[in-house]
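Naming: A, B, ... by sequence-line order, numbering from 1 per chain.
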Amino acid sequence: MCLTCHQSGTAADTDVWNGIYGELPNSDNLNWGTAGGTLLGGGFARVGGTAPAGEPATSAHTMDLTAVPAGSVSGLIVKLECTSCHNIHHDFTLPEQYRLLRARVGDAAGPLSVPWNGPWNWDGASQTTVDFSTPQSPTGTYMAYTEVPFGAGITFTPPDVYGGAPKEYTRNYRNGISAWCSGCHTKYMERKDAASYDARDSQGLKIRYRHAIDVQITVDPAVPGPGIENEYVNGIFYKFETDEPLEDRSGDGRTWDDTMMCLTCHRAHGTNATMHADIAPLMGDRGELPTGSMLLRLDNRQVCQAACHKVI
Amino acid sequence: MTVIMAAAAAATASAAVMPAAHGIFTNNSVVCVTCHRAHTATNEQLLMSDLGMCLTCHSGGTAADTDVGAGMYVNSPSDANNWGQVGGALLGGGFTNIHGTNPTTSKHDMDVTQSPFGSTTGAMVALTCTSCHTIHTSFAYAAQYRLLRTSVGDGVGPYAVNWNGPWTDASQTAQTTTITPDINMGYTEVDFSGGNPDLPIEYTRNYQSGLSAWCEGCHTVYGTPEGAAGSPDYIPYHRHKMDVQLVQGSRLYGTPSTDLPLNDLGPLGRTGADLMNCVTCHRAHGTDSTMTGVFLSAGRGGLPAMNTSMLLRRDNRGVCINCHAYLNDPSY
């Protein structure tokens with residue numbers, strides 16, 4: 001039912017099947033993304049549009065598959081559908097709920113609020129930034145549903161893994177996304193388990209450590225010290241600058257206090273990222289966990305190294 | 001005993017570049033998953049596993065040149081260079097065996113929580129591979145030897161550990177023996193003896209500086225020759241000097257000489273200006289040396305009993321005699 005409009009249809013701007021924003025004429029008289037732009041969440045079958053423009057999805061949240069979500073300890077079995085995550089009615093009572101996301105999802109015990117900042121009207125000069133140098137066109141675009149590539153001539157601190165100008169992933173993320181995702185992926189918000197838990201990765205009951213979520217990517221540059229660099233290895237400082245999506249809790253653009261979240265690394269619907277053939281063998285026995293692209297935004301593990309940690 | 005001493009003849013180091021980063025890491029985000037997991041790691045630093053993770057390749061595996069379990073350089077196809085003598089014993093020895101089959105008699109204990117000998121802080125350490133090594137350090141410290149961490153134990157670091165090598169035979173101007181041509185000496189002992197026990201083993205000259213200070217990150221007091229009464233670091237023990245030139249050890253019976261590993265600051269090859277350091281006497285991983293005779297006596301309180309080999313490179317106190325050969329002189 002949802003895909004009637006949202007899959008190559010003419011009644012919705014967002015084509016979640018092909019991962020592209022269509023900006024239909026007169027659909028709402030607002031630009032909620034760049035026409036023809038890739039949806040932030042990607043697509044279930046393709047990313048970036050139908051052939052030949054887009055690319056096939058290499059992994060996606062699998063629809064209509066009954067499974068226990070990765071990171072779930074309750075054993076909750078979920079059969080994912082559009083309405084597992086979205087609810088068109090919910091928005092009427094919680095107008096700020098981002099993307100019409102359900103207020104309760106998975107094992108969540110209570111309402112999970114996901115407020116957002118946007119949309120933004122970008123005038124081309126308002127980028128308070130730690131990672132982008134000179135914002136350029138497009139201007140006047142409301143950025144909400146799509147990635148927006150900057151124009152040529154943007155300087156990006158190497159390694160520039162994108163082969164050109166960086167992308168703006170909008171500033172409309174504000175907070176709550178990670179907690180919302182953890183409604184199903186319950187363990188992934190915890191940086192370390194208090195007790196052993198079987199992640200179904202063939203290692204059995206183990207205390208688990210996880211990447212920090214909802215943490216600032218850098219520090220206040222006004223505070224004396226290493227500035228916007230973080231100490232990664234003792235005595236060695238790196239800049240954690242990225243153009244991947246962050247939560248802009250202060251609503252002041254891309255600044256030092258932005259926080260990383262689940263969608264910093266993952267797309268919600270599906271990705272076209274590819275994994276080098278060497279990766280799967282390097283991952284060893286993953287048990288029930290996947291070894292593919294796992295909805296990661298970038299090829300290989302560029303979301304770790306090239307896009308953020310930049311350990312060279 | 002053959003003595004490797006020579007005039008300080010200038011030597012030309014090989015221009016070959018030893019890997020500054022962990023092997024197969026090509027800065028392309030492919031191999032992060034070899035060690036790290038974002039959501040299911042079982043160790044700090046998001047490491048997917050513990051000690052076993054490193055040993056998957058470095059002990060009996062086929063994906064690494066250095067087998068630290070067997071204490072041997074295996075030169076797998078992963079690296080086109082010979083960073084050691086194939087089949088040779090690792091300079092640091094091994095955790096299970098040395099040179100493939102000789103059982104280890106002592107080693108740096110892994111995954112055992114204890115306070116390092118010579119530590120004045122009492123800091124408890126459960127050693128793992130990553131206590132000493134990190135594949136990332138080298139990305140910023142290209143010259144960091146053996147991918148050693150820049151800060152270790154109680155060390156306030158960063159500790160630079162510099163190296164000279166690898167060397168080829170063209171640079172071996174200070175040897176008394178003929179070496180095997182074109183061997184890049186990095187990870188292994190290189191046996192020039194041809195089976196003659198009177199001929200030496202070359203332990204490579206790639207040590208340059210910094211090792212002793214690095215070890216003292218955990219073994220904090222061993223770098224001080226002796227404590228000075230009244231000073232904050234006073235410890236009522238005397239210790240063998242570290243990071244001193246052989247020529248500074250000259251006494252009535254001449255300058256100590258050795259074929260054990262030394263710091264070659266020059267690099268000039270093996271000269272009297274070379275410095276002894278911790279790994280002159282000790283292996284970093286484990287040793288196969290044995291203790292007999294008087295060394296079978298009682299223990300020493302909290303320290304290892306004298307009958308343990310304490311990672312010493314030679315049987316009994318052969319490391320002492322190896323330098324101070326005059327101790328064997330009956331006229332001494």
Next item on the list: Please flag which part of A:Ile279 lies under 4.5 Å from any non-hydrogen atom of chain B: side chain, backbone, both or neither.
Entry: both

Next item on the list: Of all the heavy-atom pairs spanning A:Gln203 and B:Met48, show the shortest one and how long it is.
Entry: NE2-O, 2.8 Å

Margin query: Nearest 0.5 angstrom please: B:Glu44 CD to A:Lys192 NZ, how far?
Written below: 6.5 Å

Next item on the list: Measure the spacing between OH of A:Tyr209 and OG1 of B:Thr40 and express it to the nearest 0.5 Å.
Entry: 13.5 Å

Note to self: Quick check for you: to the nearest 0.5 Å, what is the distance between A:Met283 atom CE and B:His36 atom NE2?
What the structure shows: 13.0 Å

Check: Can you tell me if CD1 on A:Ile77 sees more than 12 non-hydrogen neighbours from other groups inside 6.0 Å?
Finding: no

Notebook entry, point to check: If you round to the nearest 0.5 Å, how far is CD1 of A:Ile213 from NE2 of B:His39?
Noted result: 6.5 Å

Notebook entry, point to check: Quick one: CG on B:Leu46 to CZ on A:Arg191, what's the gap to the nearest 0.5 Å?
Noted result: 9.0 Å

